[in-house]
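For the single chain, residues carry numbers from 1 onward in sequence order. Keep in mind it's a predicted model, so treat the numbers as computed, not measured.
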Amino acid sequence: MAPPEPDQQPAAGDEFSAMFAAAGLPCAERATSRDRGLGPYRRLLLRGATVIDGTGAPPWGPADIVVEDGRITVLKAVGTPGMAVNPARRPAAGDHEIDCTGKFVTPGFVDCHAHIGAPFHAENGPMPSADYVYKLWLAHGVTTVRETGCFNGLSWTLEQKRASAENRIAAPRIFAYAPFPGTNDYVKTIHTPEAARAWIENVKERAADGIKFFGAPPTLMRAALEECARTGMRSCCHHAQLAVGRMNALTTAQWGLTSSEHSYGLPEALLERRTVQDFPQGYDYRDEYLRFSAAGQTFLQAAKPGSAKWEAVLAAFLESGHSFVPTFNVYDGNRDLMRTRRADWHERYTDPTLWAYFQPQRGGHGAYWYRWSTTNEVEWRETFRLWMAFVNAYKNLGGRVGVGSDSGFMYQVYGFGYVRELELLQEAGFHPLEVLRAATLHGAELLGVGDEIGTLETGKRADILVHDRNPLDDFKLLYGTGAMRLEDGTTEVTWPRCLSATIKDGIVYDPAELLADVAGMVEARKAANGATP
């Protein structure tokens, strides 16, 4: 696509959405009103909860929590397990109370890599509405998202951010990261370091929270990262394969990049016998199957766990203060496509247009399943083993790992993909308490708001999840479909789930109501276009 004429140039941060619009890919329908959620209340009380505070500390309780004006004002132990609570120790009554006796509370979850929709091809139909996406997130306890790309446009995303902050819509808190238009394989309107610096300053003035990179020529990338540091903008990067030949993830981390997304650029930093991947014959990056099948081979060519190179790269990332957001879940289908395609939630909760987008198709990003093989899955399973070993080792050294889902691609559905990421971090070696900390405190710190959200502490925003069961016992209990269980007394198969309330800024959402709304949206879309998972 030819770039717009100078007088038609989109505003800084809206270049990608302009490109998608020119290609006939419309924005998602905005959320415009809040039809769910109770409150905010002048004084909200949660009584008798067992607290899992997000710091890595074990559960403790019972405790009462007071929320006023959207903030926690009291978090107080009110008794001893197994003994009656002395009413004299409890805070005064509020205008709304939730009995949390026998229940658990955690901070709200932070999705560090999220998209409010994806740029679908016209033949797939319009992308799901923002309301569909937001309700799935809230129904799975996600109260904050980092929109890493703003594919609907920075202007669109900032409007939705304001609506969420003012609680005019039922949505998580939104952090908007504008996509940097200096990448080789996407829209490119920046060609000089001076233009890169000016663009960063422009999106800063427009109130973007950070920058999403896909790579760029090194002089542009370094200038942009220096300007991010000067202006206080945080940054993340999907290190596209067309850019890693000149700078891998360690290079950009040492230039000040805040976080690396996915795995791209990391195995390239671990290569020992060469500086670029040994691509197979006939490789073409624009062929999605070749792109993703070859991506499953890079770690296989890199330094092995425990080697001198491995340890040196770990130390260098740690010294740079870098963070990783692996998004394991969005690549989960690469190692077991059948399982991912037939997940329990698709029939009821996957929008039919989203489902159509997931199917094998030439030109559809992440729709590369037209040649997927057993060999591909075996290679990706080994890739996961090595990738997970690195991420777990980095966490053990004190490095920060955030939880991101990147849902909307490759059979991953909003909310459900986030819970799958929690499971995969546990598979990588994280203790469940470490998983929860990555999903809460470390996500908040990565976004620069650790003093506002991420833990249950007096003075912080009231982003609180109420669980009927301890989620640390089994993260499957967090899925909107629940976890399959056999009731021995009745021999009945049940699907219990633990999340019973999502509280964001003191507003109380019922996950069951949110999921019912989503199921209704899906049924309406099926009736309209006849597509079914």
Side-chain angles (χ1 to χ4, degrees), residues 10-18 20-21 26-41 67 69-71 108-118 127-139 142-179 199-212 231-236 408 414 443-444 446-454 460-463 502-509 514 517:
D14 287 325
E15 294 91 349
F16 277 59
S17 58
F20 295 140
C27 296
E29 180 183 345
R30 287 181 172 89
T32 58
S33 61
R34 178 164 68 90
D35 59 350
R36 292 296 183 190
L38 302 176
Y41 298 98
V67 175
D69 296 324
R71 290 189 181 272
F109 297 145
V110 180
D111 192 333
C112 295
H113 192 113
H115 298 294
I116 309 169
M127 70 173 73
S129 69
D131 192 43
Y132 166 87
V133 177
Y134 298 152
K135 286 182 174 178
L136 279 173
W137 276 331
L138 289 172
V142 176
T143 54
T144 299
V145 298
R146 180 174 66 160
E147 221 299 1
T148 52
C150 299
F151 294 139
N152 294 304
L154 181 60
S155 303
W156 186 100
T157 308
L158 290 174
E159 185 279 326
Q160 292 286 273
K161 174 185 175 177
R162 288 189 293 271
S164 174
E166 296 166 5
N167 292 314
R168 291 187 280 111
I169 59 176
R173 182 179 296 99
I174 298 170
F175 287 79
Y177 276 44
W199 186 91
I200 297 293
E201 186 173 350
N202 197 323
V203 295
K204 171 71 172 181
E205 291 174 354
R206 296 190 65 200
D209 296 294
I211 309 299
K212 165 69 173 294
T231 58
M233 296 278 277
R234 291 175 180 252
S235 55
C236 63
Y414 311 96
L446 174 57
L447 272 59
V449 289
D451 57 344
E452 283 284 292
I453 61 172
K460 288 196 173 184
R461 303 299 307 180
D463 288 7
T502 297
I503 302 173
K504 177 246 178 181
D505 275 340
I507 294 178
V508 183
Y509 293 95
L514 297 169
D517 289 347

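Using a cutoff of 4.0 Å between basic side-chain nitrogens and carboxylate oxygens, Lys135 and Asp517 are scored as salt-bridged. Electrostatic pairing of Arg34 and Glu166 does not count as a salt bridge here, judged by no charged N lying under 4.0 Å from a carboxylate O. Taking the charged nitrogens against the carboxylate oxygens, Asp505 and Arg173 do have a contact shorter than 4.0 Å, which makes a salt bridge. Looking at Arg30 and Glu159, a side-chain N of the basic residue comes within less than 4.0 Å of a carboxylate O on the acidic one, giving a salt bridge.
For the side chain to side chain contact (heavy atoms under 4.5 Å, CB included) criterion with Val203, the lone passing option out of Asp209, Thr231, Ile211 is Ile211.
No more than 12 heavy atoms of other residues, nucleotides or ligands lie within 6.0 Å of CD in Glu29, so this atom counts as exposed by the packing criterion.
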If you apply the rule side chain to side chain contact (heavy atoms under 4.5 Å, CB included), what do you find for Gln160 with Glu147, and how did you get there? CA-CA 11 Å; Gln160 292 286 273; Glu147 221 299 1; over 6 Å; no
Can you check side chain to side chain donor-acceptor pair (under 3.5 Å) on Arg206 and Ser155, steps first, answer last? CA-CA 9 Å; Arg206 296 190 65 200; Ser155 303; 2.5 Å; yes
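The structure places CH2 of Trp137 at 15.5 Å from CZ of Phe109, a figure rounded to the nearest 0.5 Å.
Cation-pi geometry between Arg146 and Tyr177 is satisfied (NZ or CZ under 6.0 Å from the ring centre, within 45° of the ring normal).
No side-chain donor from either of Lys504 and Thr144 sits under 3.5 Å from a side-chain acceptor of the other. No side-chain donor-acceptor contact under 3.5 Å links Thr143 and Arg461.
Pairing each heavy atom of Ala28 with each of Met127, the nearest pair is CB-SD, 3.3 Å.
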